[in-house]
J.: 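Have a look at this one.
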There are 2 protein chains.
Amino acid sequence: MSNSKLYKGSLTTIILKLLNENDKMYGYEITQRVKELTKGELKITEGALYPALHKLEAEGLLDVEVAKVDNRLRKYYKLTETGTKETVNKLEELAEYIKTMQALVNPKLA
Amino acid sequence: MSNSKLYKGSLTTIILKLLNENDKMYGYEITQRVKELTKGELKITEGALYPALHKLEAEGLLDVEVAKVDNRLRKYYKLTETGTKETVNKLEELAEYIKTMQALVNPKLA
DNA sequence: TCTTATACATAAGAAAATTATGTATATATT
DNA sequence: AATATATACATAATTTTCTTATGTATAAGA
């Protein structure tokens, strides 16, 4: 994902947010979008992404729809209602995380 | 640590930063300081903290000094020179992480 | 023809945490 | 005096999340 360990635990938030903006996306597309948006800083590995997508689906946060494009398989994921709600939570948690970490590393501003 | 998984991977950064500001601290003190600074948001568990301190010591980032206060054991940790350098790196990584995540969740501002 | 890109998947192992224990002393409460 | 809470360390079992490696398959480009 990156040389930095800080990204651990962030993948779900990233996936949910991207799907929140893009209605439906497939796995490979997510990896490419993240690479673009972060100018190469963050590379989502397949070994992390696919199990994460399967887990989100199993938890009922994502719905999947299989399509065949150019004779190749694609699995489009989209947020369920629950998934949309959970996206809000995850984004709040991210904002809170950033605030908390800034209080720790920059206590003068707190 | 918190209900949010985002803190996974942040503990080392937190420890190093606190020691960078406080010269020397012992484990229990770190847990209390973090609780104060984050107004209870973040509680460092012992099962996470002590192994992390031992690892940082083994890697040569921390020196340890045992003391007896009120007939109770304390292990004071302080940054080595290497540890001070690594603190700078970790803080840079945190800033980069925050920047990257903001580019992902708030692409309009990127 | 061979490499790279597209597109999925999983298994083995590592890393970092949680949860549950354990030991021991000091202080506060009932 | 007895009990609970706070202080102070530690580790073991388990879980979560990731990396690394591997596998399958088609399309496109050199």
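If you're wondering where the values come from, they're calculated on a predicted model, not measured in any experiment. Numbered from 1 within each chain, the chains take letters A, B, ... in sequence-line order.
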J.: Look up atom CG in A/Asn20 and atom OG1 in A/Thr87, then write down how far apart they are to the nearest 0.5 Å.
T.: 5.0 Å

J.: Taking CG from B/Asn3 and C1' from C/dA17, how many angstroms apart are they, rounded to a whole number?
T.: 14 Å

J.: Roughly how many Å is it from OH in B/Tyr76 to C1' in D/dA8, rounded to a whole number?
T.: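 The answer, rounded to whole Å, is 11 Å.
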
J.: Please give, in whole Å, the distance from D/dT19 C1' to A/Ile44 CD1?
T.: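 In whole Å, D/dT19 C1' and A/Ile44 CD1 are 13 Å from each other.
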
J.: Separation of A/Tyr50 atom OH from D/dT19 atom C1', in whole Å?
T.: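 Between C1' of D/dT19 and OH of A/Tyr50: 16 Å.
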
J.: Which comes earlier along DNA chain D counting from the 5' end, the contact point of B/Arg72 or that of A/Asn71, where each point is its nearest nucleotide?
T.: B/Arg72

J.: Can you identify which nucleotide, out of C/dA16, D/dC18, C/dA9, has its nearest atom closest to the A/Leu11 side chain?
T.: D/dC18

J.: Would you sort out whether A/Glu41 and A/Tyr7 count as a side chain to side chain donor-acceptor pair (under 3.5 Å), showing the intermediate values?
T.: CA-CA 11 Å; A/Glu41 238 279 304; A/Tyr7 290 94; 2.9 Å; yes

J.: Look at the side-chain N and O atoms of B/His54 and state whether any lies under 4.0 Å from the OP1 or OP2 oxygen of D/dC9.
T.: no

J.: B/Tyr26 or B/Pro51: which one's nearest nucleotide on DNA chain D is closer to the 5' end?
T.: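 Result: B/Tyr26.
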
J.: Within the pair A/Lys5 and D/dC18, is there a side-chain N or O less than 4.0 Å away from OP1 or OP2?
T.: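 No, outside the criterion.
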
J.: Would you mind telling me which of D/dA10, C/dA16, C/dT18 lies closest to the side-chain atoms of B/Lys55?
T.: C/dA16

J.: Quick one: on DNA chain C, does A/Ala48 or A/Asp70 contact a more 5' nucleotide (nearest heavy atom)?
T.: A/Asp70

J.: Test B/Leu62 against every option in B/Leu16, B/Thr80, B/Thr82 by the side chain to side chain contact (heavy atoms under 4.5 Å, CB included) rule and name the one that passes.
T.: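 Exactly one pass, corresponding to B/Leu16.
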
J.: If you round to the nearest 0.5 Å, how far is CD1 of B/Ile44 from CG of B/Leu49?
T.: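 So the CG of B/Leu49 and the CD1 of B/Ile44 are separated by 7.0 Å.
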
J.: Between C/dT18, D/dT7, D/dT20, spot the one nearest the side chain of B/Gln32, thanks.
T.: D/dT7

J.: What is the distance, rounded to the nearest whole Å, between atom CG of B/Leu56 and atom C1' of C/dA17?
T.: 15 Å

J.: Regarding A/Gly27, tell me which of base, sugar-phosphate or nothing describes its non-hydrogen contacts under 4.0 Å with the strands shown.
T.: sugar-phosphate

J.: Starting from P on D/dT11, measure out to NZ on B/Lys75 and report it in whole angstrom.
T.: 8 Å

J.: Give the cluster check for B/Ile15 versus B/Val64: same hydrophobic cluster or not, with ILVMFWY residues linked at side-chain heavy-atom distances below 4.5 Å.
T.: yes

J.: Can you tell me the distance, in whole Å, between the CG atom of B/Leu6 and the P atom of C/dT18?
T.: 13 Å

J.: Do the side chain of B/Lys8 and the base of D/dT17 come within less than 3.5 angstrom through a donor-acceptor pair of N or O atoms?
T.: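 Answer no: no donor N or O sits under 3.5 Å from an acceptor.
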
J.: Using a 4.0 Å heavy-atom cut-off, does A/Glu29 contact any base of the nucleic acid, only the sugar-phosphate backbone, or nothing at all?
T.: nothing

J.: Starting at OH of A/Tyr28 and ending at P of D/dA28, how long is that distance when rounded to a whole Å?
T.: 13 Å

